[in-house]
Amino acid sequence: MPSPLHEVKVSTKKAKFAIGCFWETDAIYGAQKGVIRTRVGYTGGKKIDPTYKDLGDHTETIEIEYDPSEVTYDELLDTFWKSHDPTAKQTLQYSSIIFYHDAEQKALAEKSLQEQSKKTSKPIQTKILPITTFYDAEDYHQKYRLQQHPILMKAINLESGPKVKSSHVAAKLNGYVVGRGGVAQYDKEVKKFGLDENTVKYVRDLVVKNEGRDLVC
Ligand code: MHO
């Protein structure tokens, strides 16, 4: 019996990015090589215990735990810039923000912003800010794309709840179901995930169908 790979024990570092609707951000980073776990939440503001319906001054943000031997912070920044239009004016909820955890991330983020601004004549709206309290979003927002497939949740023995935030395979499949990562990468790494044959095929069909598509939240 294959056993779904929920837990990966490697030492990780954290990164936090806001690029707009966090359902999409969760899928984008979930499928990225070296990303071990993701969770979505609200940060940047002062309101205590925000909720989706009562967000106050917070911004939709992802927290990534990544394996620095598999992916660098610079590569995560690259994904950040490629995944949205940083010159677009947004509401606070969907603002473009890099929340840094330490001086090294701050320096790399600032350098990448400078490089980015050379590529456009429009002003970049992205802010680079120190991390503040991160409030987890409600369970139904976590791995939102994956949770739209109850059949997959069942196949990996997962119920909506806190485990969705810590599960490695959930982070990966949440990206693949909307085509993120692409079929070549999926075929290469799917064996690690401990899925049964039908599930491997079910997800593969979705990757093929959705690869290259832009989903609107
Ligand atoms: N259009 C979506 C946005 C969700 S999002 C996590 C909705 O209103 O449900 O901001």
Side-chain angles (χ1 to χ4, degrees), residues 14-32 35-66 76-77 79-99 124-129 131-153 156 158-181 203 206-207 209-217:
K14 285 184 180 171
K16 290 189 177 70
F17 301 111
I19 323 185
C21 172
F22 58 20
W23 294 343
E24 231 4 66
T25 320
D26 204 6
I28 291 166
Y29 279 109
Q32 181 154 7
V35 171
I36 306 296
R37 285 174 286 275
T38 65
R39 65 178 63 211
V40 293
Y42 314 115
T43 192
K46 290 210 162 62
K47 186 184 168 66
I48 310 284
D49 294 336
T51 61
Y52 183 65
K53 294 230 160 73
D54 194 8
L55 198 58
D57 50 354
H58 290 281
T59 297
E60 293 192 15
T61 303
I62 187 174
E63 178 184 274
I64 299 163
E65 290 176 60
Y66 64 99
L76 298 175
L77 285 170
T79 301
F80 174 85
W81 296 114
K82 281 193 186 133
S83 302
H84 72 307
D85 173 6
T87 67
K89 290 214 168 99
Q90 297 287 1
T91 57
L92 201 48
Q93 179 176 3
Y94 298 122
S95 289
S96 167
I97 311 176
I98 300 168
F99 291 99
I124 299 220
Q125 306 293 327
T126 307
K127 293 197 176 70
I128 299 176
L129 302 173
I131 48 155
T132 47
T133 310
F134 180 89
Y135 298 93
D136 287 4
E138 295 81 347
D139 287 340
Y140 82 93
H141 282 302
Q142 307 293 338
K143 317 292 174 332
Y144 183 83
R145 302 299 186 195
L146 172 65
Q147 293 204 59
Q148 306 315 298
H149 297 268
I151 194 171
L152 276 183
M153 293 289 284
I156 60 170
L158 203 57
E159 277 168 25
S160 189
K163 199 176 167 190
V164 177
K165 290 182 266 194
S166 64
S167 166
H168 175 71
V169 68
K172 296 292 154 193
L173 296 188
N174 185 57
Y176 282 122
V177 294
V178 288
R180 298 292 176 174
V203 177
L206 288 168
V207 184
K209 184 171 135 216
N210 292 322
E211 185 168 0
R213 274 198 201 181
D214 258 339
L215 270 160
V216 183
C217 255

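Atoms within a ligand are numbered from 1 in the order they appear, just like the ligands themselves.
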Proximal atoms of ligand 1 relative to Gln93 (non-hydrogen, under 4.0 Å) = 10 (O)

query = Which atoms of ligand 1 are found less than 4.0 Å from any heavy atom of Phe22?
reply = 6 (C)

ask   = Quick one: does ligand 1 sit under 4.0 Å from the side chain of Tyr52, the backbone, both or neither, non-hydrogen atoms only?
value = side chain

task = Note the single closest protein heavy atom to atom 1 (N) of ligand 1, along with its residue, its atom name and the distance in Å.
result = Cys217 O, 3.5 Å

task = For Lys16, check side-chain hydrogen bond (donor to acceptor under 3.5 Å, both in side chains) against everything at least two apart and list the hits.
result = Glu63, His101

inquiry  = Using the salt bridge (Lys or Arg N to Asp or Glu O under 4.0 Å) criterion, which residues pair with Lys46? Sequence neighbours excluded.
reply    = none

query = Numbering the atoms of ligand 1 from 1, which are under 4.0 Å from a heavy atom of Tyr94?
reply = 3 (C), 5 (S), 10 (O)

request  = Please determine if Arg145 and Glu24 form a salt bridge, counting it only when a charged side-chain N lies under 4.0 Å from a carboxylate O.
outcome  = yes

note = For Glu60, the ligand 1 atoms with a heavy-atom partner under 4.0 Å come out as 5 (S), 6 (C), 10 (O)

message = Quick test of your reading of the model: are Lys165 and Asp136 salt-bridged, counting only N-O distances below 4.0 Å?
response = yes

key: Any donor-acceptor N/O pair, His168 side chain to Arg37 backbone, under 3.5 Å   = no

task = Could you find the nearest protein heavy atom to atom 9 (O) of ligand 1 and give me its residue, atom name and distance?
result = Trp23 CH2, 3.6 Å

request  = Please work out whether the ring planes of His141 and Tyr144 are parallel, tilted or perpendicular, with thresholds of 30° and 60°.
outcome  = tilted

